[in-house]
Amino acid sequence: ECTTGCKWAYLTHEGRWDRELYDSMGVGDALDRGLCGSNIAPLGTKAGALTPGAAEHLGLSESCSVGVGVIDAHAGAIGLGAGAG
């Protein structure tokens, strides 16, 4: 949800795309054609496992979990403990 909401106008608090914005830009048909995706998951959610090729390239096991990512600036804030206590 983080990247999708911040970069692609997904209204995470409503669980939907910002149709008005897409229509105002003349690209609302991308939503109609399913080009923007429908499986939007919160950051850290398990997205799957490494493909055999990725596992070999990285020297990791194919059972290594892959999680939904976060925008770099937000990850930095998390790493710095922003909002903690």
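What you are looking at is a predicted structure, and each value in this text was computed from that prediction instead of being measured.
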Determine, using the 4.5 Å side-chain heavy-atom cutoff (strictly less than), whether L35 and L21 are members of one ILVMFWY cluster. no
State yes or no: do V66 and V68 share one hydrophobic cluster built from I, L, V, M, F, W and Y residues joined by side-chain heavy-atom distances below 4.5 Å, directly or via other members? no
Can you establish whether the number of heavy atoms outside H57 located under 6.0 Å from its atom NE2 is more than 12? no
Can you name the residues that form a side chain to side chain donor-acceptor pair (under 3.5 Å) with S63, not counting sequence neighbours? S61
Do any pairs count as a salt bridge (Lys or Arg N to Asp or Glu O under 4.0 Å) and have a residue in residues 10-22, sequence neighbours left out, and if so which ones? E14-R16, R19-D23, R19-D32
Here the pair of heavy atoms bringing W17 nearest to C36 is CZ2-O, 2.8 Å
Sequence neighbours left out, cut at 3.5 Å: what donor-acceptor pairs do the side chains of residues 43-56 make with other protein atoms?
unit_1, atom_1, unit_2, atom_2, d
T45, OG1, P42, O, 2.7
T51, OG1, A54, N, 3.1

